[in-house]
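From a predicted model like this one, the values you see are computed outputs, not experimental measurements. Residues: numbered from 1 along the sequence shown.
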Amino acid sequence: QVQLGESGGGSVQVGGSLTLSCAVSEYTYLGWFRQAPGMEREGVASIYVTDGYTEYADFVKGRFIISQDTSRRTVTLQMNNLKPEDTAMYYCATSRFLLNRPLRAGEYTYWGQGTQVTVSS
């Protein structure tokens, strides 16, 4: 059974930064997703463990960075220049398989409990 859990959420003002971490026992792909109240869950960023290949949603490109420390089994999401629309519950999710669409929530099997990010103006 894959184990994973998020940390690092919190409240920040517009333009600020936060770093989320996902501690995970194993993965082939790891994705970060977010879900705001009343909205669908959406993919934010993903990383492929073998070569570190990353993908980003257009709305975070240039602001968020996903990275991995395989020795510590941790994947980090560095979030910069945060906007009020980034407010959401953020989840990490993993898959043991190669994915065709790694920003699609349905591709993932295992999910963390989530960590709240709130950006205020």
Side-chain angles (χ1 to χ4, degrees):
Q1 182 73 13
V2 174
Q3 297 179 337
L4 69 166
E6 307 91 341
S7 62
S11 297
V12 66
Q13 291 189 330
V14 169
S17 298
L18 280 175
T19 301
L20 305 183
S21 293
C22 180
V24 55
S25 58
E26 63 175 289
Y27 63 100
T28 298
Y29 266 95
L30 189 141
W32 280 99
F33 294 81
R34 70 187 189 186
Q35 188 168 19
M39 304 293 287
E40 291 189 356
R41 191 166 296 188
E42 58 184 2
V44 175
S46 68
I47 192 164
Y48 177 43
V49 67
T50 299
D51 60 9
Y53 176 77
T54 58
E55 290 196 22
Y56 295 92
D58 287 342
F59 51 80
V60 302
K61 284 181 180 177
R63 300 191 298 125
F64 291 12
I65 301 171
I66 187 171
S67 61
Q68 62 183 357
D69 184 338
T70 54
S71 64
R72 296 184 179 184
R73 298 179 180 174
T74 301
V75 175
T76 298
L77 184 68
Q78 174 68 41
M79 306 186 295
N80 302 312
N81 190 23
L82 284 161
K83 305 175 181 180
E85 52 264 42
D86 293 319
T87 296
M89 186 71 78
Y90 283 71
Y91 301 88
C92 63
T94 67
S95 172
R96 290 171 167 163
F97 306 107
L98 293 176
L99 302 181
N100 292 321
R101 290 179 288 177
L103 293 182
R104 183 173 175 269
E107 299 273 334
Y108 291 83
T109 307
Y110 304 99
W111 290 82
Q113 295 299 309
T115 185
Q116 178 68 37
V117 171
T118 303
V119 184
S120 58
S121 56

Participant: Looking only at heavy atoms, what is the nearest atom pair of Glu26 and Val24, with distance?
Facilitator: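 Closest approach of Glu26 to Val24: O-CG2, 3.2 Å.
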
Participant: What closest approach, in Å, do Leu99 and Ser95 show between heavy atoms, and which atom pair accounts for it?
Facilitator: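 So the minimum-distance heavy-atom pair works out to CD2-OG, 3.5 Å.
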
Participant: Testing the basics here: between Phe59 and Gly43, what is the closest heavy-atom pair and its distance to 0.1 Å?
Facilitator: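 The answer is CZ-O, 3.5 Å.
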
Participant: Please check this pair: side chain of Gln35 against backbone of Ala88, looking for a donor-acceptor N/O pair closer than 3.5 Å.
Facilitator: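 Judged by distance alone, no pair lies under 3.5 Å.
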
Participant: Could you pull out all residues at least two apart from Arg104 that satisfy salt bridge (Lys or Arg N to Asp or Glu O under 4.0 Å)?
Facilitator: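 Scan of Arg104 (salt bridge (Lys or Arg N to Asp or Glu O under 4.0 Å), adjacent residues dropped) gives Glu107.
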
Participant: How many angstroms lie between atom CE of Met89 and atom CE of Met39, to the nearest 0.5 angstrom?
Facilitator: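 That separation rounds to 15.5 Å.
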
Participant: Under the criterion side-chain contact (heavy atoms from CB on, under 4.5 Å), I'd like the reasoning laid out for Met79 against Leu20: C-alpha separation, chi angles, the key distance, then a yes or no.
Facilitator: CA-CA 8 Å; Met79 306 186 295; Leu20 305 183; 3.7 Å; yes

Participant: Looking only at non-hydrogen atoms, find the nearest pair between Gln78 and Ser17 and report the distance.
Facilitator: NE2-CB, 3.9 Å

Participant: Would you please name every residue forming a salt bridge (Lys or Arg N to Asp or Glu O under 4.0 Å) with Asp51, sequence neighbours left out?
Facilitator: none

Participant: Applying a strict under-4.5 Å side-chain criterion to I, L, V, M, F, W and Y, I'd like to know whether Tyr53 and Leu98 cluster together.
Facilitator: yes

Participant: Rounded to the nearest 0.5 Å, how far does OG1 of Thr115 lie from CZ of Arg34?
Facilitator: 14.0 Å

Participant: Taking disulfide bond (SG atoms under 2.5 Å apart) as the cut-off, I'd like each qualifying pair that reaches into residues 2-115, sequence neighbours left out, listed once.
Facilitator: Cys22-Cys92

Participant: Do the rings of Phe64 and Tyr90 sit parallel, tilted or perpendicular, given the 30° and 60° boundaries?
Facilitator: tilted

Participant: Look at the side-chain heavy atoms of Ile, Leu, Val, Met, Phe, Trp and Tyr, link any pair under 4.5 Å apart, and say whether Tyr91 and Ile66 land in one connected group.
Facilitator: no

Participant: How far apart are the closest heavy atoms of Thr70 and Val49, and which atoms are they?
Facilitator: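 Heavy-atom minimum between the residues: CG2-CG2, 4.0 Å.
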
Participant: Return yes if some donor-acceptor pair links the side-chain N/O of Thr118 with the main-chain N/O of Thr87 below 3.5 Å, else return no.
Facilitator: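 Checked: no pair found.
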
Participant: Quick one: pull up CG in Leu4 and CZ in Arg73 and give me the separation to the nearest 0.5 Å.
Facilitator: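 So the CG of Leu4 and the CZ of Arg73 are separated by 13.0 Å.
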
Participant: So with a 6.0 Å cut-off around CZ of Arg63, is the heavy-atom count from everything else above 12?
Facilitator: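 Correct, the count exceeds 12.
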
Participant: Please name the pair of heavy atoms, one in Arg96 and one in Thr28, separated by the smallest distance, quoted to 0.1 Å.
Facilitator: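 Smallest interatomic distance, heavy atoms only, reads O-OG1, 2.6 Å.
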
Participant: Classify the ring geometry between Phe33 and Trp111 as parallel (under 30°), tilted (30 to 60°) or perpendicular (over 60°).
Facilitator: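 Because their plane-to-plane angle lies in the 30° to 60° range, the rings of Phe33 and Trp111 count as tilted.
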
Participant: Assess whether side-chain contact (heavy atoms from CB on, under 4.5 Å) is satisfied between Glu6 and Trp32, documenting all intermediate values.
Facilitator: CA-CA 10 Å; Glu6 307 91 341; Trp32 280 99; 3.8 Å; yes

Participant: Could you check Leu30, Val117, Val44, Ile47 and say which one makes a side chain to side chain contact (heavy atoms under 4.5 Å, CB included) with Leu77?
Facilitator: Val44

Participant: Strictly distance-based, threshold 3.5 Å: is any side-chain N or O of Thr94 a donor or acceptor partner for the main-chain N or O of Tyr27?
Facilitator: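 Side chain of Thr94 to backbone of Tyr27, a donor-acceptor pair under 3.5 Å: no, none is there.
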
Participant: For Gln113, does the CD atom sit with more than 12 other heavy atoms under 6.0 Å from it, leaving out its own atoms?
Facilitator: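 No.
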
Participant: For the pair Asp58 and Lys61, find out whether any cationic side-chain nitrogen is under 4.0 Å from an anionic carboxylate oxygen.
Facilitator: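 Answer for the salt bridge query: yes.
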
Participant: For Gln116, is the CD atom crowded, meaning more than 12 foreign heavy atoms sit under 6.0 Å from it?
Facilitator: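 Correct, the count exceeds 12.
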
